[in-house]
Amino acid sequence: MVFQLPTTVSSHHNPVLQPNECSSTLFQTIAAPASVVWALVSDFENPQRYKPFVRSCRIIDGQANQVGCLRRVDVASGLPASYSIERLEILDHDQRIFGFSIVSGDHRLSNYRSIMSLHPNGGDETVVVETCVIDAAKANTKEETCAFVDTIVKLNLRTLSRVAEDLAGKAQQQV
């Protein structure tokens with residue numbers, strides 16, 4: 001079955017790019033209700049629940065889970081970074097749209113923006129759509145920059161799928 005992105009959110013996943021930017025949109029089908037997946041995604045203060053490269057996270061400015069707040073994400077060793085400062089840009093509980101931008105850090109992810117939307121797909125299945133926009137790194141081509149980001153985002157989405165499916169399974173066992 002081919003997933004059709006609802007027109008109500010399609011504008012979020014069709015960015016207008018500047019000449020030095022690249023973008024990609026990734027899809028992940030998760031065998032868990034959208035409410036379970038949304039509880040993980042929308043918790044801006046705890047991305048480590050499903051992002052394996054995040055060692056820890058804390059809110060450093062503003063109120064947690066309020067648009068405009070900033071978080072400091074400490075990255076697991078092994079990546080070419082140790083931390084990132086990120087801003088919550090959108091948190092729409094009704095449409096299940098979540099977005100953040102990276103505002104600083106010790107990495108090469110310049111002008112990084114991510115928008116994620118969740119879509120119930122019949123029964124207890126959810127389709128997650130994530131679009132990322134980033135400036136091409138100075139030492140890399142646009143393709144190389146997007147390939148690097150896609151690798152991390154794909155891993156995050158697969159981990160989100162596993163964690164959400166585990167939570168949904170545990171909730172089902174309790175019924």
Side-chain angles (χ1 to χ4, degrees), residues 3-18 20-30 32-54 56-75 81 83-105 107-121 126-137 142 145-146 148-161 163-164:
F3 177 75
Q4 182 75 25
L5 189 63
T7 57
T8 56
V9 299
S10 63
S11 64
H12 292 288
H13 295 288
N14 291 306
V16 176
L17 299 178
Q18 300 302 312
N20 63 324
E21 292 178 325
C22 60
S23 173
S24 62
T25 299
L26 301 168
F27 296 78
Q28 178 72 45
T29 301
I30 300 176
S35 59
V36 171
V37 181
W38 182 247
L40 291 164
V41 168
S42 65
D43 187 2
F44 189 64
E45 195 171 8
N46 292 295
Q48 65 273 22
R49 290 181 68 196
Y50 71 92
K51 291 186 175 186
F53 293 118
V54 174
S56 64
C57 177
R58 70 181 187 280
I59 299 299
I60 59 171
D61 188 36
Q63 187 174 359
N65 296 324
Q66 296 294 313
V67 170
C69 73
L70 296 176
R71 68 183 179 191
R72 178 186 167 110
V73 173
D74 292 311
V75 180
Y83 78 96
S84 178
I85 305 297
E86 302 173 356
R87 175 185 152 87
L88 181 58
E89 300 290 349
I90 184 170
L91 185 63
D92 183 331
H93 293 288
D94 294 331
Q95 291 193 69
R96 292 190 177 113
I97 300 172
F98 171 86
F100 74 95
S101 62
I102 296 178
V103 297
S104 68
H107 49 71
R108 297 184 298 163
L109 300 179
S110 180
N111 199 27
Y112 181 89
R113 301 172 315 277
S114 171
I115 191 102
M116 186 183 287
S117 60
L118 279 61
H119 310 278
N121 195 33
T126 303
V127 175
V128 177
V129 182
E130 185 166 0
T131 299
C132 303
V133 177
I134 187 170
D135 288 353
K142 289 181 185 181
T145 300
C146 271
F148 172 74
V149 170
D150 283 358
T151 299
I152 293 170
V153 172
K154 284 177 187 175
L155 179 60
N156 289 343
L157 289 172
R158 281 196 301 270
T159 305
L160 173 64
S161 179
V163 171

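Throughout, numbering of the chain's residues begins at 1 and tracks the sequence. These numbers come from the heavy atoms of this one structure, side chains and all, not from hydrogens, waters or symmetry mates. Quick caveat: nothing in here was measured; it's all calculated off a predicted structure.
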Quick one: does any side-chain atom of [X] pair with a main-chain N or O of [Y] as donor and acceptor, under 3.5 Å?
{"X": "N20", "Y": "A136", "value": "no"}
{"X": "T126", "Y": "A34", "value": "yes"}
{"X": "D92", "Y": "Q95", "value": "yes"}

With salt bridge (charged side-chain N to carboxylate O under 4.0 Å, His left out) as the test, pick out the partner of E86 among R58, R71, R72.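 Only one of R58, R71, R72 forms a salt bridge (charged side-chain N to carboxylate O under 4.0 Å, His left out) with E86, namely R71.
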Any side-chain heavy atom of [X] within less than 4.5 Å of one from [Y]?
{"X": "M116", "Y": "L157", "answer": "yes"}
{"X": "F27", "Y": "T29", "answer": "no"}
{"X": "S84", "Y": "L109", "answer": "no"}
{"X": "I102", "Y": "H107", "answer": "yes"}
{"X": "C69", "Y": "Q63", "answer": "no"}
{"X": "H13", "Y": "S23", "answer": "no"}
{"X": "L91", "Y": "S42", "answer": "yes"}
{"X": "V149", "Y": "S24", "answer": "no"}

Parallel, tilted or perpendicular for F100 and Y112, by the 30°/60° rule? tilted
Among V41, L160, D43, which residue meets the side-chain contact (heavy atoms from CB on, under 4.5 Å) test with R49?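 With R49 as partner, V41, L160, D43 yield a single side-chain contact (heavy atoms from CB on, under 4.5 Å), made by D43.
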Rounded distance [0.5 Å steps], [atom1] in [X] versus [atom2] in [Y]:
{"X": "L155", "Y": "D150", "atom1": "CG", "atom2": "CG", "value": "12.5 Å"}
{"X": "I85", "Y": "D61", "atom1": "CD1", "atom2": "CG", "value": "10.0 Å"}
{"X": "I97", "Y": "W38", "atom1": "CD1", "atom2": "CH2", "value": "8.0 Å"}
{"X": "N14", "Y": "I115", "atom1": "CG", "atom2": "CD1", "value": "11.5 Å"}

Shortest non-hydrogen contact from [X] toward [Y]:
{"X": "D135", "Y": "E21", "value": "OD1-CG, 3.3 Å"}
{"X": "L70", "Y": "F44", "value": "C-CE2, 4.4 Å"}
{"X": "V36", "Y": "A164", "value": "CG1-O, 3.6 Å"}
{"X": "I59", "Y": "A64", "value": "CG1-CB, 3.8 Å"}
{"X": "C57", "Y": "Q48", "value": "CB-OE1, 3.5 Å"}
{"X": "G99", "Y": "L88", "value": "O-CD1, 3.5 Å"}

Check against side-chain hydrogen bond (donor to acceptor under 3.5 Å, both in side chains), E130 and S114: CA-CA 7 Å; E130 185 166 0; S114 171; 2.7 Å; yes
Ignoring hydrogens and angles, state whether a donor on the side chain of H12 or S117 is under 3.5 Å from an acceptor on the partner side chain.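 H12 vs S117: no donor-acceptor pair found between side chains.
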Using the salt bridge (Lys or Arg N to Asp or Glu O under 4.0 Å) criterion, which residues pair with R158? Sequence neighbours excluded.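 Scan of R158 (salt bridge (Lys or Arg N to Asp or Glu O under 4.0 Å), adjacent residues dropped) gives none.
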